[in-house]
Amino acid sequence: MLPIAIIIVSSLLLGYLWGKHDGQLKGYEQATVDFPLLLREQSFEQGYCVLCSKQIEHKPSNI
Amino acid sequence: MVSSVILCCIAVKLIDDTLDKDYDSKIEYHNFATALGPGAMVYAILSLAVAASINASVSIPLFLASYSIGMFHDVKQLFPSGLSGLQESVGTFFIGVLLWGWQSMLFSILFIFSIQLFDDYIDIHRDQRAGYRNFAHCMGRVECLLLAILTLLVSWQINEHLFLPVFFSTLLFYGAIWYYQRRLSSCCQ
């Protein structure tokens with residue numbers, strides 16, 4: 001009974017560590033792709049371009 | 001055996017509170033060393049001496065394991081002996097192995113490590129407020145809890161006949177102390 005419990009808890013711990021590590025890598029990759037787009041979207045909504053800092057005359061919502 | 005383990009727990013708790021006096025006063029957490037004054041260390045020695053007189057083969061390996069785990073928190077810090085925390089920790093463990101054998105020391109170290117991890121899991125917010133990074137901070141809450149359960153089970157596997165009396169004595173002591181300290185500490189009300 002005890003060895004089985006040890007194997008179950010070890011598997012849970014290893015699975016959790018593996019999943020967390022994998023999730024962190026995937027999250028980082030996803031953020032690398034999404035973050036510049038999100039920044040641009042937010043800056044356009046506030047009326048300026050995040051790349052050249054120029055004011056935008058026609059906001060996307062007005063188009 | 002139960003009384004021996006409880007007396008050993010009292011000794012460890014008093015020594016730990018003596019060392020953590022400043023840290024506990026920072027967050028207004030009840031500390032037995034502050035309440036007892038300089039007598040705390042004397043009571044700790046007395047308690048350990050009585051515990052060893054009742055059952056040395058259980059209480060001394062538990063005490064050595066507590067010392068070893070306690071030192072493991074400050075692996076790089078230099079202590080009055082001139083040794084680092086890691087060296088003291090490993091040295092104490094091997095002295096225990098030489099005097100009490102592998103099985104006894106391995107059981108004690110895994111059991112105490114498990115208690116330490118449970119304690120860190122429960123006290124994560126208190127330690128965070130005091131600016132202290134415990135095991136739960138370093139490795140994550142879920143990892144800390146799972147590792148605590150795993151080390152507890154492995155210690156049970158190593159010494160099945162010793163585990164239950166030691167576990168229930170520690171649980172009794174820890175539960176009483178936890179309830180008493182929470183009731184008296186202004187930080188946790």
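Residue numbering restarts at 1 for every chain, and letters A, B, ... go by the order of the sequence lines. No experiment lies behind these values; they were computed from the predicted model shown.
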| query | If you round to the nearest 0.5 Å, how far is CG of A:L14 from CG of B:L146? | reply |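 Output value for this atom pair is 10.0 Å.
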| message | Rounded at 0.5 Å granularity, tell me how far CD1 in B:I158 sits from CG in A:L2. | response |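 Separation between the atoms: 11.0 Å.
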| task | Please indicate whether B:R141 has more than 12 foreign heavy atoms, meaning atoms of other residues, nucleotides or ligands, lying under 6.0 Å from its CZ. | result |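 Count over threshold, so yes.
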| message | Around atom OH of B:Y43, are there more than 12 heavy atoms from other residues, nucleotides or ligands closer than 6.0 Å? | response |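 No, the 6.0 Å shell around OH holds no more than 12 heavy atoms from other groups.
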| field | Summary of side-chain hydrogen bond (donor to acceptor under 3.5 Å, both in side chains) pairs that have at least one residue in residues 2-15 of chain B, sequence neighbours excluded | value |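 Every pair satisfying side-chain hydrogen bond (donor to acceptor under 3.5 Å, both in side chains) with a residue in residues 2-15 of chain B: B:K13-B:D17, B:K13-B:Q181.
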| query | A:V9 and side chain to side chain contact (heavy atoms under 4.5 Å, CB included): which partner among B:T151, B:V154, B:L150? | reply |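 Result: among B:T151, B:V154, B:L150, B:L150 is the only option passing the side chain to side chain contact (heavy atoms under 4.5 Å, CB included) with A:V9.
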| Contact residues of residues 17-25 of chain A (partner chain B; heavy-atom separation under 4.5 angstrom) |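 Hits under 4.5 Å: A:L17, A:K20.
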Connected via hydrophobic side-chain network under 4.5 Å: [X] and [Y]:
X	Y	result
B:L83	B:L19	no
B:L110	A:I7	no
B:F163	B:L153	yes
B:L64	B:L98	no
B:I54	B:L172	yes

| query | With chain A, which of B:V142, B:L152, B:L147 has the greatest number of heavy-atom pairs at distances under 4.5 Å? | reply |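 Looking at each option in turn, the highest pair count goes to B:V142.
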| Shortest non-hydrogen contact from B:Q157 toward A:I6 |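 Heavy-atom minimum between the residues: CB-CD1, 3.8 Å.
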